[in-house]
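So the structure is just underneath, and the comments pick up after that.
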Amino acid sequence: MQIYNTLSRKKETYIPQDQIKVYVCGVTPYDEAHLGHARPSIVWDVIKRYFNYQGYTVKMVQNFTDVDDKIIARSLREKRPALEISDYYSKRYLEAMDKLGVVRCDYYPRVSQYIIKIIEMVKGLIEKGHAYESSGDVYFKVNSFPTYGKLSGRNVEELRAGTRLAVEENKQDPVDFALWKSAKPGEISWSSPWGEGRPGWHIECSAMALDLLGESFDFHGGGLDLIFPHHENEIAQSEAYTGKQFVSFWIHNGLITIDNEKMSKSLGNFVTVEDLLRENTKEEIRFYILSTHYRTPLNFTWEGLKESAKGLKRLNNSVRSWQEEAKPLDWQNFSELNELEKRFKDAMDDDFNTAQALGVLFDLNRLGNQYLQQNDKRLGAALKLMHELGGILGIIKEKEEKAIQTDLLDKVVEILLELRLAAKKEKNWALADKIREQLLEAGIILEDSTSATRWKVKD
RNA sequence: GGCGGCAUAGCCAAGUGGUAAGGCAGGGGUCUGCAAAAUCCCGAUCCCCAGUUCAAAUCUGGGUGCCGCCUCCA
């Protein structure tokens, strides 16, 4: 399969390993999960499901950066322990992802649990001459790592010339970055060979990835905004430390804008996962996000989400009606369905092109509905295929969700349907229509077909 | 200033050399007592200019516009 690698800025061939190792940058838990977190989570959830579908296992790690400036700032402001805040928002994050149908990762390591390993790594980097201590801080010596800039396409000379780097007198070189920061009064800290302090940003991801996935692994993911400096620095630290290539494929998702503006708190255009879930199902949110290729910037609008939900509804409507007419049947025996499955895989094999894969699902949808109309036995096979492929994307409702439906309601509606059928036989259209209209008002939709009447509770 | 991305029908969105998937909206037909659902048909020459090529939305050069990163960020 072909996967775009930020490192080479082109698609490269990837041959899946039996166990695929993935590290995805997680969140700094200091506030509610938002749309910008939902995209990489959903994308990687789908990637994982797709590999599983192909028979591979995936070992996936996503970190919580639970020691961080923003958390400390909040902790000082609210006079609450930093780890209490990060613990709370970590849980909130996991809950939000659960509600989006994201399968949990294998590990969710936290900085606070990795202090010893981080210190070990920092020590190692100093010993190897890639880092130095300065007044309780430790910095990575960028000029000791010749290929610095290879991921982000940056040039150290130009970075140095740039005036935007904060001038810190402790640094030997303005491009150097902190591995360890000495503690300021009141901040959370740990003791280290360099005194009380805490890890700098970047080092935690290296330490945790190295520990859980080894010195080299397949994929490292995250938002495009992390390429520089975060991922660039991760490469420098890790490769300087191990002497081996850290990651084979760097995979970055495009960012989300809202009404064409960057999502940010100061602009007040922040959409949280909770906001989304208030009006939409998880399937609708996933479908919306997956309708755009993961590397393309996604401009979120509520109208767009609503529109796309209509498309998804067709898929789920079909599945519902197919289920009433057919039992699942292996699709492997039918060439038309094999063809569709192949097209789906081709799309996914080409840099996880979910947008194209969705197009295949709509073709399957049409085919299945034709089977339905023609009473074709292949309907059951189409149903099964739809479940399998839709299941990779997580957009097909697993079971009929009729939360408010009960046996009692079933019986009552059946009685009304019988009465209506009788009315129809007498060509008493007025009564038949009245029953239908009033049920609709009550939230029950009737759909007549030539043979029978289907009914469902309005979404 | 440096690095990078994007620009395809009314809207959303695939498509990296051979004459444009799919979805939403819209129009028409079939089915139906009607409605709904479903199904069939109808719509773009791909921001502009110049080049390369038998052939370009797809490659090259130059523009224009929007956006991101370079400071925290998924």
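Every chain is numbered from 1 and lettered A, B, ... according to where its sequence line falls, protein lines coming before strand lines. Values reported hereafter were calculated over all heavy atoms of this structure, with side chains retained and with hydrogens, waters and symmetry mates removed.
For the C1' atom pair drawn from B:C42 and B:C6, the interatomic distance equals 31 Å after rounding to whole Å. Remark: the separation of the P atoms in B:U32 and B:A14 is 40 Å, to the nearest Å. The gap from the P atom of B:U71 to that of B:G17 amounts to 37 Å, rounded to the nearest Å. For the P atoms, the distance linking B:G61 with B:G5 amounts to 13 Å, nearest Å. Between the C1' atoms of B:U8 and B:C46, the separation comes to 4 Å (whole Å). For B:A56 and B:C47, the P atoms lie 15 Å apart once the distance is rounded to whole Å. The separation of B:C11 from B:A44, taken at their P atoms, amounts to 15 Å, rounded to a whole angstrom.
The existence of a salt bridge linking A:Arg436 and A:Glu447 is excluded, since no basic side-chain nitrogen approaches an acidic carboxylate oxygen closer than 4.0 Å. By the 4.0 Å N-to-carboxylate-O rule, A:Glu232 lies too far from A:Arg154 to be salt-bridged with it. Contact check on A:Arg92 versus A:Glu95 returns a salt bridge, with a Lys/Arg side-chain nitrogen under 4.0 Å from an Asp/Glu carboxylate oxygen.
In this structure, A:Arg39 reaches neither bases nor backbone, as no heavy-atom distance under 4.0 Å exists between it and the strands shown. At a threshold of 4.0 angstrom between heavy atoms, the contacts of A:Gly36 include nucleobase atoms, whether or not backbone atoms are also involved.
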In B/S/- notation, 5' to 3', how is nucleotides 32-47 of chain B contacted by protein heavy atoms closer than 4.0 Å?
-BBBBSBSS-------

Reading 5' to 3' through nucleotides 4-15 of chain B, protein heavy-atom contacts under 4.0 Å coded B for base, S for sugar-phosphate only, - for none
-------B-SSS

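Computed from coordinates, the A:Ile395 CD1 to B:G23 C1' distance equals 12 Å when rounded to whole Å. The separation between A:Leu226 atom CG and B:G68 atom P is 16 Å, rounded to whole Å. With rounding to whole Å, A:Glu32 atom CD is found 16 Å from B:A74 atom C1'. Atom CG in A:Leu358 sits roughly 11 Å away from atom P in B:G23 (whole-Å rounding). Going from atom CG of A:Leu100 over to atom P of B:A74 covers 16 Å, rounded to whole Å. Atoms CE (A:Met263) and P (B:C72) sit 19 Å apart, rounded to a whole Å. Atom pair A:Tyr148:OH and B:C70:C1' shows a separation of 11 Å (rounding to whole Å applied). Atom CG in A:Leu159 sits roughly 12 Å away from atom P in B:C70 (whole-Å rounding).
Looking only at atom types and distance, the side chain of A:His34 has no donor-acceptor partner in the side chain of A:Thr272 under 3.5 Å away.
Annotation: cation-pi pair A:Lys11/A:Tyr4 absent, no NZ/CZ under 6.0 Å from the ring centroid and within 45° of its normal.
Residues passing the side-chain contact (heavy atoms from CB on, under 4.5 Å) test with A:Asn317 are A:Lys313, A:Arg320, A:Lys456, sequence neighbours excluded.
Look at B:U19: it lacks any Watson-Crick or wobble partner with both distances under 3.5 angstrom. Across every strand in view, B:G33 sits unpaired, with no contact that passes the Watson-Crick or G-U test at under 3.5 angstrom. Across the strands present, B:G10 finds its partner in B:C24; the criterion is a Watson-Crick or G-U wobble pair with both atom distances under 3.5 angstrom. The base-pairing partner of B:G1, taking Watson-Crick or G-U wobble contacts with both distances under 3.5 Å, is B:C70. In this entry B:U52 has no Watson-Crick or G-U wobble partner, no candidate having both defining distances under 3.5 Å.
Aromatic ring pairs are classed by plane angle as parallel below 30°, tilted from 30° to 60° and perpendicular above 60°; the pair A:Phe287 and A:Phe362 is perpendicular. By the 30° and 60° cut-offs, the orientation of the rings of A:Trp44 relative to A:Phe219 is tilted.
In terms of position along RNA chain B, the nucleotide closest to A:Phe228 lies nearer the 5' end than the nucleotide closest to the other residue of the pair A:Phe228 and A:His34. Between A:Leu312 and A:His202, the residue whose closest nucleotide on RNA chain B is further toward the 5' end is A:Leu312.
No donor-acceptor pair closer than 3.5 Å links the side chain of A:His230 to the backbone N or O of A:Ile227.
For A:Lys310, whose side chain is taken as the heavy atoms from C-beta onward, the closest listed nucleotide among B:A74, B:C70, B:A25 is B:A25.
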Take A:Ile415 and A:Val412 through the side chain to side chain contact (heavy atoms under 4.5 Å, CB included) test and state the conclusion after the steps.
CA-CA 5 Å; A:Ile415 290 167; A:Val412 173; 5.5 Å; no

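Closest of all the heavy-atom pairs between A:Val103 and A:Asp45 is N-OD1, 2.9 Å.
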